[in-house]
Structure formats: structure tokens, C-alpha cells
Amino acid sequence: MSKRIQSFFQPIPKKPKVEPSSPDPSQPSNALDIEQEQEEQHEEEQQLPLTHHPAYPFPIPNLPPHLSKALSNISSTPKPITNHPHLDLLYFQPLLPPQTAHYLFHFLRSSLPFYKVQYTIHRGQTPTKITTPRNTTVFGVDATSTFTHDEGNKSLLCTKTNTPPPSPRYKCHPRPIPPCLEHLRQTIQSVTNTPPDYYNFILVNYYASNTDSISYHSDDERFLGPNPSIASLSLGAKRDFLLKHKPGIQAGPLKFPLASGDMVVMRGETQANWLHSVPKRAGDGGGRINVTFRRALVPGGTENYYRYNVGDGGVWRWDGDRGSMVLVGGEESSG
Ligand SMILES: O=C(O)CCC(=O)C(=O)O
Ligand SMILES: [Fe+2]
């Protein structure tokens, strides 16, 4: 009998009894402690209410009560970083206490559907197939649409008229933000002094190891409007977040070694003038989750985010026994 099946027949702890053996999930101090803790977390997650939606590939569990409680009690003062041309950052170091970040990392990794998106870019005449070097997922819809507030079967309404859009507005299938991420969104809006319902998109990256990465880019898409605010929360393994000025001015690279629970908010002219990346690095490192909160203004933003964060390939889900993401539905995208 597998350890996981065995554990079904044992009494279920109401709350995690084991303290995290290390505040940094990438640095386990004792493999047995970690395994036991993961078993307990798995059992706990089996008991959680699930949120269903036709656009979710599988139901998504609500947050365990201890995490909801912890997220309701977050207060943290950020350090403003504005000492370079056009740079406007808020650095929460940390936003979440180590234990909260630790449990949230494991909860999100095992609860959300992920993807490995492929797409083709054209460099001159040559088409090049790109496989995103990390797993991604996305929830939300741009400001022209709103999900009904009913439980479960949320459907889309036109924000202006509060009625169903006369003809389908999207080719993609927008997904409502599930309650577990909604709770986090409320916390982030409160610490960043943004209005309720400001962030209408949540993008999640999963970096399985130090070889997963995101190359230098800026999130300056027109559908975010001018000077967008993007809040970016790190959970799990520590990774370097690099920023350098776009060509024209020599500034950077600046290096922020983001640890579990840290958050950076990029504001003002930052996206218009700076590039950011999380480069590959040498050595073994554990998994890392990055959650970004953004506000898209128009349907083009919704199409773009679902194209590049869900795509048309299979669904990946965390497998605790294997300790990796596995393809659970559909096939690898053909690109
Ligand atoms: O993982 C990170 O910290 C950055 C992610 C990012 O830049 C993005 O998703 O646009
Ligand atoms: Fe980015």
C-alpha cells in the first residue's frame, strides 16, 4: 500500500501539527520531516471544500482555515526603491511570515492546474518554436467583463450593462479567480492600498528548479494601460530577480534575491523603462512559485494572458509521490 493510501486510514489532523522544518522550503533540514509534513498537508487538503467551474480542468480547493486566518492578519511596510531613473518599486521584505509563505507555497503547488505553453515566434523569416521554460497558469478577466457573484457556476457579464454580452466576447475561456487566490488578492490589495477589485488578473509561474527561468522582458503591454502597477509575490526557493534599464540609459542590473514571502510591486514608469528577469542559475534548488497581480483593461489582454499562460496543450498537476508536475489531461501542445 502506498504511503498516501495508508494515510487515508489514519486519523486526520485538524491543522498541520508539524512545524515546517525550515522556513525555506528549498532547504529541507530533514527529508523524513518533510515527507511527513507533506503527507499531513495532503490529508488536510483532501478535506477542504472545492470550487468547481466549467473552465477549471479540475475543482480547486479552498484555503485551509489556518492560511485564511494568517492572510487576514498581514501587515507589512514596504521599502520604496526610486533611486534610479524611471524606477518605482515597493519592496516588501517580507510580506508574508515564513510559515505562512511555506504553507501557501505547498498549497498552491498542489492545488492549481498548470500548463507548459508552446508557441511559435518569427525571427525574420525563420519560425522558432518556444516552450515556456516554467509552468504557468492564469485566472481572471479584463475590466470590460465581470463574473457573476453566485457560488460556483460564475458566468460572464458585461461590466457596463451588467447583462450577458450579446455575442461571445472571447475566443478563450476566462476562469474566475478561485477563492484561495481571491483571499490572497484581498490581502495584496490591502497592503498596496489599491481599490477593491483593482487587480483583475492573477498569473502564476512555477519554477521547478534552478533551470526554469524567465528572460529579460517588460510587462508594458498596451492592454494594461499606461504606468501599470504589478504586484509580484515570491514563494518557495530563493531566486534572483534582476532589473536593468532599457537601452538608452546605463542603469543596473539591480539584483533582488527574492526569498519566500517577499513581494515587489513595480509601479509608475518602471515597465516602460526597465526590463526584468529571473535567470537560470547553477546548482540544485527547490521549486518556486511567483504570483503576479495585474489589471487588464480590454479583451485583448484576456486573450493574450490565456494564450501565453494556458495555451492549447495539456494540464499539469503536482504529484506529491513523484515530487514533480505530471501531465494529467490532454497532450503536450503542438505549438
Ligand atoms: O518570477 C518572477 O519573479 C517574475 C515573473 C515575471 O516577471 C512575469 O511573470 O512577468
Ligand atoms: Fe514580468
Side-chain angles (χ1 to χ4, degrees), residues 18-31 33-35 37-38 41 67 70-71 74 76-81 87 89-112 114 132-137 184 187-188 191-192 202-217 219 230-244 252-266 270 274-293 318 320 323-325:
V18 181
E19 294 298 300
S21 40
S22 156
D24 180 348
S26 66
Q27 302 292 320
S29 58
N30 176 326
D33 283 356
I34 298 288
E35 204 179 306
E37 184 192 319
Q38 282 170 359
Q41 187 153 0
L67 267 178
L71 288 182
I74 297 301
S76 163
T77 308
K79 187 173 150 200
I81 299 184
L87 188 68
L89 304 180
L90 291 178
Y91 192 9
F92 293 79
Q93 198 189 19
L95 172 71
L96 306 179
Q99 285 207 8
T100 306
H102 174 93
Y103 283 120
L104 189 58
F105 167 79
H106 286 286
F107 172 82
L108 293 178
R109 181 167 69 174
S110 57
S111 303
L112 299 179
F114 284 95
T132 305
R134 59 191 182 281
N135 287 109
T136 54
T137 197
L184 194 56
T187 303
I188 269 71
V191 297
T192 54
I202 301 187
L203 279 64
V204 185
N205 291 303
Y206 176 63
Y207 302 82
S209 69
N210 281 348
T211 52
D212 279 0
S213 62
I214 189 162
S215 55
Y216 268 120
H217 67 283
D219 299 308
I230 299 178
S232 180
L233 172 68
S234 292
L235 301 167
K238 189 187 262 187
R239 291 289 292 266
D240 291 338
F241 181 71
L242 307 185
L243 279 147
K244 69 175 182 192
L254 311 175
K255 191 202 279 191
F256 297 89
L258 298 181
S260 194
D262 287 356
M263 184 168 81
V264 175
V265 186
M266 295 176 272
T270 306
W274 288 73
L275 302 166
H276 57 273
S277 70
V278 176
K280 292 182 202 304
R281 53 150 69 164
D284 292 338
R288 170 176 183 265
I289 285 180
N290 163 261
V291 192
T292 62
F293 300 81
W318 178 252
S324 67
M325 293 283 169

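For the numbers below, each heavy atom of this structure counts, side chains included, while hydrogens, waters and symmetry mates do not.
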Close side-chain approach of [X] to [Y], heavy-atom, < 4.5 Å:
X	Y	result
L96	L71	yes
S232	N290	yes
P97	I74	yes
M325	R109	yes
K280	D212	no
T270	H276	no
F293	T192	no
L184	L104	yes

**Q.** Residues I202, V291; criterion side-chain contact (heavy atoms from CB on, under 4.5 Å); working and verdict
**A.** CA-CA 7 Å; I202 301 187; V291 192; 3.4 Å; yes
Could you work out, with side-chain contact (heavy atoms from CB on, under 4.5 Å) as the rule, every residue matching [X], not counting sequence neighbours?
X	value
S76	F92, L95
S215	none
N210	R239, R281
S209	T211

(Q) For F114 and Y206, take the angle between the two ring planes, folded into 0 to 90°, and tell me which bin it lands in: parallel under 30, tilted 30 to 60, perpendicular over 60. (A) tilted
Nearest-0.5 Å distance that lies between atom [atom1] in [X] and atom [atom2] in [Y]:
X	Y	atom1	atom2	value
Y91	D262	OH	CG	5.0 Å
K244	L254	NZ	CG	12.0 Å
L87	L243	CG	CG	6.5 Å
L233	I289	CG	CD1	9.5 Å
T137	N135	OG1	CG	9.5 Å

If you look at every heavy atom in [X] and [Y], which pair is closest and at what distance?
X	Y	value
F256	L89	CZ-CD1, 3.7 Å
H102	S260	N-OG, 4.5 Å
T100	L67	O-CD2, 3.7 Å
P279	L242	CG-CD1, 3.7 Å
A237	G286	CB-O, 3.3 Å
A231	I188	CB-CG2, 3.9 Å

Q: Tell me, please, which residues at least two apart from Y216 pass ring pair (Phe, Tyr, Trp, His ring centres under 6.0 Å).
A: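 So Y216 forms no ring pair (Phe, Tyr, Trp, His ring centres under 6.0 Å) with any residue.
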Q: Please assess L235 against H106 for the test side-chain contact (heavy atoms from CB on, under 4.5 Å), listing each intermediate value before the final yes or no.
A: CA-CA 9 Å; L235 301 167; H106 286 286; over 6 Å; no
Q. Can you list the steps and then say if R288 with L258 is a side-chain contact (heavy atoms from CB on, under 4.5 Å)?
A. CA-CA 10 Å; R288 170 176 183 265; L258 298 181; 4.0 Å; yes
(Q) Under the side chain to side chain contact (heavy atoms under 4.5 Å, CB included) test against I214, which residue among V278, T136, T132 passes? (A) V278
**Q.** Set of residues satisfying side-chain hydrogen bond (donor to acceptor under 3.5 Å, both in side chains) with respect to T292, sequence neighbours excluded
**A.**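 Once residues adjacent in sequence are excluded, the partners of T292 under the side-chain hydrogen bond (donor to acceptor under 3.5 Å, both in side chains) criterion are R294.
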